[in-house]
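Comments concern the structure below.
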2 protein chains.
Amino acid sequence: MTKQRELILSILKQSDRHLTADEIFFLAKLKMPSIAMATIYNNLNAMNEAGVINRLHIDGVADCFDKITEPHDHLLCDRCGKITDIRLPALSGDLERALGTEIEDYELTVHYVCPDCRHNTKRR
Amino acid sequence: MTKQRELILSILKQSDRHLTADEIFFLAKLKMPSIAMATIYNNLNAMNEAGVINRLHIDGVADCFDKITEPHDHLLCDRCGKITDIRLPALSGDLERALGTEIEDYELTVHYVCPDCRHNTKRR
DNA sequence: TAATAGAATTAGAATCATTCTTATAGATCG
DNA sequence: CGATCTATAAGAATGATTCTAATTCTATTA
């Protein structure tokens with residue numbers, strides 16, 4: 001656990017949003033101007049593999065990273081692009097039952113139109 | 001519907017696997033040597049947006065493309081990387097009920113260890 | 001059939017995110 | 001204190017994808 005890793009992790013913890021590597025790089029540079037992009041990725045990848053954070057891919061957008069509180073799913077508004085975390089505790093078991101096999105894990109992204117966008121009729 | 005698009009679509013239809021843009025490019029070049037990578041992407045993107053085919057992202061692998069028969073989910077073996085299509089007709093309704101909102105669509109990738117790999121104890 | 005407009009294609013340059021490489025710096029341990 | 005190990009910095013390299021400009025094809029109209 002190096003200073004750099006600590007910094008990156010604290011940035012993720014303090015954010016309530018999903019951050020791209022680039023955004024993390026920008027924020028990290030404010031506190032530690034010498035930090036390198038490679039260090040960001042090294043640490044994000046290491047923490048992702050260790051299960052400390054989560055890498056999240058959404059079509060057409062750079063990968064985002066995310067602190068892990070509990071395993072969770074994502075709700076993506078197709079109009080404004082906002083990502084909301086959701087938790088469907090029963091789903092994992094439901095999937096095992098439906099598939100008839102043990103599963104390791106799953107990734108679920110649900111597309112919808114968020115309440116804000118549903119009320120604003122104008123599309124982006 | 002140009003010759004190029006027809007060719008690309010027929011390649012996808014004839015394949016029982018998920019193909020990367022690169023694999024499609026290679027196969028298309030066999031039949032139409034002058035075809036350009038940009039044409040592959042133009043057409044894949046156009047067909048993806050039109051809902052004729054499906055773009056599929058799996059962490060650490062180039063995006064794959066896939067003919068659409070019916071909307072479907074993916075089962076990914078974490079050891080050998082094999083992707084299997086699955087269909088969980090009830091899930092969409094279940095999600096709407098669980099979330100209490102109408103949804104547009106969803107993407108689900110389930111990680112597991114396939115039967116073959118489960119029997120071969122050696123990890124990849 | 002010839003001319004023209006519009007759309008799709010080609011080729012390759014450009015871009016973006018990400019990874020790799022190499023040299024350096026920092027920490028750890030005897 | 002010196003040796004070794006690991007992580008970092010910097011920037012080059014890579015790979016997938018998109019963009020751009022020029023060209024070709026297609027359909028339409030005269």
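Residue numbers begin at 1 in each chain, while the letters A, B, ... track the order of the sequences.
Nearest to the side-chain atoms of A:Asn43 among the listed nucleotides C:dA17, C:dA8, D:dT8 stands D:dT8.
Distance CD1 (B:Ile40) to C1' (C:dA8): 14 Å, rounded to an integer number of Å. Per the geometry, CD1 belonging to B:Ile35 stands 5 Å off P belonging to C:dT10, to the nearest Å. Computed from coordinates, the B:Met32 CE to C:dA11 P distance equals 12 Å when rounded to whole Å. In this structure, the CZ atom of B:Arg5 is 16 Å from the C1' atom of C:dT10, given to the nearest Å. Protein atom NZ of B:Lys29 is 15 Å distant from nucleotide atom P of C:dT9, rounded to whole Å. Straight-line distance from the CZ atom of B:Phe26 to the C1' atom of D:dG15: 18 Å, rounded to whole Å. A straight line from CE of A:Met47 to C1' of D:dA7 spans 13 Å, rounded to a whole angstrom. When rounded to the nearest whole Å, the span between CG of A:Leu44 and P of D:dA7 equals 15 Å.
Rounding to the nearest 0.5 angstrom, the gap separating the CG atom in A:Asp85 from the CZ atom in A:Arg17 is 12.5 Å. In this structure, the separation between CG on A:Asn54 and CE on A:Met47 is 12.0 Å, given to the nearest 0.5 Å.
Side chains of B:Thr101 and A:Arg118: a donor-acceptor N/O pair is present below 3.5 angstrom, by distance only. Side-chain contact check for B:Arg5 and B:Asn42: no donor-acceptor pair (N or O, by modelled atom type) lies under 3.5 Å. If you check the side chains of A:His111 and B:Glu107, you find a donor sitting under 3.5 Å from an acceptor. Using a 3.5 Å distance cut-off with no hydrogens or angles, the side chains of B:Asp73 and B:Tyr106 do pair a donor with an acceptor.
The aromatic rings of B:His57 and A:His57 lie parallel to each other, their planes meeting at an angle below 30°, with 60° marking the opposite boundary.
The shortest distance between the side-chain N/O atoms of A:Gln4 and the OP1/OP2 oxygens of D:dA9 is below 4.0 Å. Side-chain nitrogen and oxygen atoms of B:Thr2 include at least one within less than 4.0 Å of the OP1 or OP2 phosphate oxygen of C:dT9.
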Tabulate protein N/O versus nucleotide N/O from nucleotides 19-29 of chain C, keeping only pairs under 3.5 Å, one per line.
unit_1: C:dT19; atom_1: OP2; unit_2: A:Asn45; atom_2: ND2; d: 3.0

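Within 4.0 Å of B:Ser34, counting heavy atoms only, lie sugar-phosphate atoms of the nucleic acid but no base atom. A:Asp22 comes within contact range of no nucleotide atom at all, as no heavy-atom separation falls under 4.0 Å.
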